[in-house]
Amino acid sequence: MLDFNYDTDTNTDAECLDVSVRSDGVDDSGNYKFICKLTHKGHQSYRQSFGLYFSTHVTVVEVPGDVDTQVDGNHITFSRKNQMNDNGLVEIWIKLSAGEQPEVTGITDVTCLPDVNAGAGKSSDSQAAGKTLSDGPQEAAAQSSGSSVSETPVQTETKINAQINNQTEAESCCSEPQTDSAAGSSQEESGCQAAEASPAGCGTEISENEPVRQAIYSRRSVRSYKPDMLPKEIISKIIESGTYAATGMNRQSPIIIAVTDKKTRDSLSEMNAKIMGTGTDPFYGAPVVLIVLADKEMPTYLYDGSLVLGNMMLAAEELGIGSCWVHRAKEEFESDAGKEILQKLGIDGNYEGIGHLILGYAAEEKKPAAPRKENYVYYIE
């Protein structure tokens, strides 16, 4: 795998974002795959954008649902419309088609919007100015493709004063708990885990070398999804993370059923809704459902399955994917319809449904975490 890493200060919006890119080979259809790694720092942002120059003209085949693209010959501008916290880390998978192997020749216009209400009409103390990161990427690409390249306007986003931004962050995460807005239902009714992780801030410091803690503090249960299907590579990474969860005596009692078939997904949703006594979609429109079951013959089966779900939630967060734990898998797979699914898959044994992990691109911005309750921790020293 070839690496195109531009992760030095030359490609950094100094108060916002680092971008690096690497090639990830070619898929079965002959499309060229790249992974763009965004490392956020300094404050929260609600939109991130950057540009890539390639050695030849390219066409976008696939990007995540929360990313917009604009193609101009050998240059692509990416705009990600999702929140990143301080020290956040996101990988964006992209697929391109081209007449020959495209190579990254430069990263440009690295910018971010640090406040959801900031915009082109507001004044600020500073503005993010995009930069070209390699010597003459436009000229090099033009020579390779045999065409001229027009000048791309530098994108700018309004920045707010860092001191004001830090104060706003502290107020948002230390305020009183907020009511969830998911279709008017409470967390208990929806079946999602009630406990949410607190964001970095409020006295918590997380370095860029602590990706696990970054995921823990930034994770939220997402209850509104875009219909876009996730790339198989992303789903596989999340599932594999689940298989490495700790289990009692390393007996690995859980199993995972990955559902991306819409007909099966919708059938499971109907079953779940009937058990809950509602007519709404308990999966909130998420296109992917990972079902965790565990062998009841193991005394630790319930805890084993729960740890698998926890691992996958953190892996999803690290990859920029929304997730939510939805209950009632136990009742589903005690039913005849649930047993039929297991039978068709050739799954024998005394398995109990532990939970569903729904996955997809979030359709709404993350909300601040509720404050941690008092007397959460007791020490015996």
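- For the side chain to side chain donor-acceptor pair (under 3.5 Å) test, no residue two or more places apart in sequence or in another chain qualifies with D295.
- Between G248 and T300, the closest heavy-atom pair is CA-OG1, 3.5 Å.
- Contact check for F50 versus L38: side-chain heavy atoms found under the 4.5 Å cut-off.
- Residues T108 and V110 form no side-chain contact, since every pair of their non-hydrogen atoms from C-beta on lies 4.5 Å or further apart.
- Applying the salt bridge (charged side-chain N to carboxylate O under 4.0 Å, His left out) test to pairs two or more places apart or on separate chains, those with a residue in residues 54-68 are E62-K95, D66-R80, D68-K81.
- Using a 4.5 Å heavy-atom cutoff, the side chains of V58 and I76 are in contact.
- By the 4.5 Å heavy-atom criterion applied to side chains, Q101 and Y32 are counted as neighbours.
- Judged by distance alone, with hydrogens and angles left aside, the side-chain atoms of S29 form no donor-acceptor pair with the main-chain N or O of N31 at under 3.5 Å.
- Pairs of residues two or more places apart, or lying in two chains, that qualify as salt bridge (charged side-chain N to carboxylate O under 4.0 Å, His left out) and include a residue from residues 334-343 are K330-E334, E340-K344.
- At least one side-chain heavy atom of C36 sits under 4.5 Å from a side-chain heavy atom of L52.
- For T111 and S49, the side-chain atoms include at least one donor-acceptor pair closer than 3.5 Å.
- For E297, the salt bridge (charged side-chain N to carboxylate O under 4.0 Å, His left out) test picks out no residue, with sequence neighbours left out.
- Formation of a donor-acceptor pair under 3.5 Å by the E318 side chain with backbone atoms of Q214 is not found in this model.
- Y351 pairs by the ring-ring contact (aromatic ring centres under 6.0 Å, His included) definition with nothing, not counting sequence neighbours.
- Identified under the salt bridge (charged side-chain N to carboxylate O under 4.0 Å, His left out) test for residues 263-276, with sequence neighbours left out: K262-D266, R265-D281.
- With sequence neighbours excluded, the residues forming a side chain to side chain donor-acceptor pair (under 3.5 Å) with Y301 are E352, listed by chain and number.
- Every residue two or more places apart in sequence or in another chain was checked for a side chain to side chain donor-acceptor pair (under 3.5 Å) with S97, and none qualifies.
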> Going through the distances and angles, do L302 and D304 end up as a side chain to side chain contact (heavy atoms under 4.5 Å, CB included)?
Replying inline: CA-CA 5 Å; L302 182 59; D304 296 345; over 6 Å; no
>> Show, in sequence, the C-alpha distance, side-chain angles and deciding distance for L268 and V259, and conclude whether the side chain to side chain contact (heavy atoms under 4.5 Å, CB included) test is met.
In response: CA-CA 10 Å; L268 286 168; V259 180; 3.9 Å; yes
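- Here the closest heavy-atom approach between residue G360 and residue P287 is recorded as CA-CD, 4.0 Å.
- Grouping the Ile, Leu, Val, Met, Phe, Trp and Tyr side chains by contacts below 4.5 angstrom, directly or via other members, places V60 with V67.
- A215 and L314 make their closest contact through CB-O, 3.8 Å (heavy atoms, listed as atom of the first residue, atom of the second, distance).
- Cluster annotation: V61 and V26 are assigned to distinct hydrophobic clusters (Ile/Leu/Val/Met/Phe/Trp/Tyr, side-chain heavy-atom contacts under 4.5 Å, transitive).
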> Please walk me through it: do V289 and F283 pass side chain to side chain contact (heavy atoms under 4.5 Å, CB included)?
Replying inline: CA-CA 8 Å; V289 180; F283 298 155; 3.7 Å; yes
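- There is no path of hydrophobic side-chain contacts, each under 4.5 Å, that joins I255 to L307.
- For residues 240-251, every residue pair satisfying the side-chain hydrogen bond (donor to acceptor under 3.5 Å, both in side chains) rule, not counting sequence neighbours, is listed here: N250-Q252.
- Judged by distance alone, the side chains of E317 and S323 never bring a donor and an acceptor atom under 3.5 Å apart.
- Between A273 and P282, the closest heavy-atom pair is N-CG, 3.6 Å.
- A donor-acceptor pair under 3.5 Å is formed between the side chain of R220 and the backbone N or O of K367.
- M312 CE to L359 CG: the interatomic distance, rounded to the nearest 0.5 Å, is 7.5 Å.
- Here I234 pairs with W93, P231, I238, L319, I321 under the side chain to side chain contact (heavy atoms under 4.5 Å, CB included) rule; sequence neighbours left out.
- Counted by atom type alone, E332 and H356 present one or more donor-acceptor pairs between their side chains at under 3.5 Å.
- No more than 12 heavy-atom neighbours from other residues, nucleotides or ligands sit within 6.0 angstrom of NZ on K37.
- In this structure, M313 is a member of the same hydrophobic cluster as I256, with clusters built from ILVMFWY side-chain heavy atoms closer than 4.5 Å.
- No donor-acceptor pair closer than 3.5 Å links the side chain of K33 to the backbone N or O of L96.
- Contact check for V104 versus Y53: no side-chain heavy atoms found under the 4.5 Å cut-off.
- For K226, there are no salt bridge (charged side-chain N to carboxylate O under 4.0 Å, His left out) partners two or more places apart in sequence or in a different chain.
- Under a 3.5 Å cut-off, the side chain of D72 and the backbone N or O of H75 do not form any donor-acceptor pair.
- Between V308 and G242, the closest heavy-atom pair is CG2-O, 3.5 Å.
- A search for side chain to side chain contact (heavy atoms under 4.5 Å, CB included) contacts involving A258 returns I239, L290, not counting sequence neighbours.
- For the pair Y284 and V222, the minimum side-chain heavy-atom distance is 4.5 Å or more.
- Using a 4.5 Å cut-off on side-chain heavy atoms (C-beta onward), I257 and L345 make contact.
- When the side chains of ILVMFWY residues are joined at heavy-atom separations under 4.5 Å, either directly or via intervening members, L293 and Y303 end up in two distinct hydrophobic clusters.
- Taking both residues in full, the closest heavy atoms of A329 and I291 are given as CB-CG2, 4.5 Å, listed atom of the first, atom of the second, then distance.
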